[in-house]
Amino acid sequence: MSIAYCFDLDGVITKEEILPLIANDINFYHEMELLTDLTIRGEIPFEHSFQIRCEMLKRVSVSRVTSIVADVPLHELIADFIRKNSEFCFIVTGNLDVWVHEIAEKIGVKYYSSRGTVVNDQLISVDHVINKGDAIKDLKEKFDTIVAVGDGMGDANMFEESDICIAFGAVHPPVASLIDLSDFVCYSEDSLCRLLKML
Amino acid sequence: MSPIKNAVILAAGIGSRLGLNTPKCMLDIGGVTLIDRQLSLLESFEDVRVVVGFDENKVMDHVSKRWPNVTFVRNPGFANGSNFDSLFLGTRYLKEPVIIIDGDLLINRLSFDEFLEYCNEVKDSVIGVTARKSEDAVGVYIDNGFVHSFVSKNENNYRNTQYEWTGIACVKDLGAITINKKIKYVYQIFERYLPLPTKVIQCHEIDTPFDLDRARENIKLYL
């Protein structure tokens, strides 16, 4: 029986939300943090909020973004689990491919993400905002069981399509509506990785 | 034999007989909640799970702040199911021996440690028993350190039983925990394996307001 482990990126693999860190470069950290927080909690729909946030961050060159993202601290135990099981692990993130591909490469894992177009080191457009549920449906064609790990409302679609759902609360408490869709709730990377190894 | 390192606390129930608007595991006894008392007995365990249901967010908020390494298992059907459902969900995917504990018990630490020591010495599952004291207890017939049968209240020889099932056990064979229409209560999973070794644990079930008052008065026994 084959299992695929799907991880949200921000707040699950990374110890901090990525967009506020990028916004810090242009002194918009608190505003971005607020928008991101409202989105995680489901008070603003993801797709709309993401478009707005990307619009704000277009001013930061893509190469500068990738260097900021490369330095984002990771939950090392989770990253380690992914490295050791890379054939069966996937990042499923609402974030843009052009911004996050280096983290995925660093960990050595495939990913599903939103997509953008870059011209001359500038983000020109957000072409596709991911529906995480579609990513899971794609994986279901190749794997028998899907395990999903998430923390915010953006992961609800992913949880609805997955077999075993784990809400993760190490960075911030998991959103209540996501907990309602979960089988397990873990608040540390230790307990999460122990559980993943048992599945 | 390597020491047992997994534990599951069943804390999903409503505790309707207490008539308090709080899950039983969150009852304050001597300034500390029942669940915190139980988790402090399990500090040496590598993996501790708490099955939650009634008022789950309150329980998870409280416990996760003090015990961030606890894994919560959700039992959303807690109102319609039985304790066995919590046990089944709580032990899913476990492959090693596990200590199971009912979430409404006040347990004496020394007594619990002795129980654990015994569980680590014997090969079989171990059933925790205590002197019969609860209103709705499941009696046990013991002979020579082994439980030979569980005796429910409506059976004839119930009044002859001196001990009752505690809701604490060590399950060595996880295959015992499989869904079966006949199984509604946790102790029933042991019936086909009897006789099984047993050890007395000093503990108190908190089911009724009387139990709660008595526990608060006798708290020193359980420190």
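Worth knowing before you read on, the calculation uses all heavy atoms, side chains too, and leaves out hydrogens, waters and symmetry mates. Note on naming: letters A, B, ... go to the chains in the order of the sequence lines (proteins, then strands), and numbering restarts at 1 for each one.
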Does [X], at its [atom1] atom, have more than 12 non-hydrogen atoms belonging to other residues, nucleotides or ligands within less than 6.0 Å?
X: Phe143(A); atom1: CZ; result: yes
X: His30(A); atom1: NE2; result: no
X: Lys184(B); atom1: NZ; result: no
X: His128(A); atom1: NE2; result: yes
X: Asp144(A); atom1: CG; result: yes
X: Glu87(A); atom1: CD; result: no

- Determine whether Lys197(A) and Tyr93(B) make a side-chain contact, defined as any pair of heavy atoms from C-beta on separated by less than 4.5 Å. no
- Message: Quick check on Val70(B) against chain A: is it the side chain, the backbone, both or neither that has a heavy atom closer than 4.5 Å?
- Response: backbone
- Quick one: which of Ile164(A), Ile179(A), Leu192(A) has the most heavy-atom pairs under 4.5 Å with chain B, could you say? Ile179(A)
- Parallel under 30°, tilted from 30 to 60°, perpendicular over 60°: which one fits the rings of Phe72(B) and Tyr187(A)? perpendicular
- For Glu56(B) and Val185(A), what are the C-alpha separation, side-chain angles and deciding distance, and is it a side-chain contact (heavy atoms from CB on, under 4.5 Å)? CA-CA 11 Å; Glu56(B) 58 178 0; Val185(A) 187; over 6 Å; no
Which heavy atom of [X] sits nearest a heavy atom of [Y], and at what distance?
X: Thr71(B); Y: Ser191(A); answer: OG1-CB, 3.5 Å
X: Lys95(B); Y: Met198(A); answer: NZ-O, 2.7 Å
X: Glu46(B); Y: Arg194(A); answer: O-CZ, 3.1 Å

- Roughly how far, to the nearest 0.5 Å, is CG of Asp180(A) from CG of Asn57(B)? 7.0 Å
- Is a side-chain donor or acceptor of Arg74(B) paired with a backbone partner of Asp183(A) at a separation under 3.5 angstrom? no
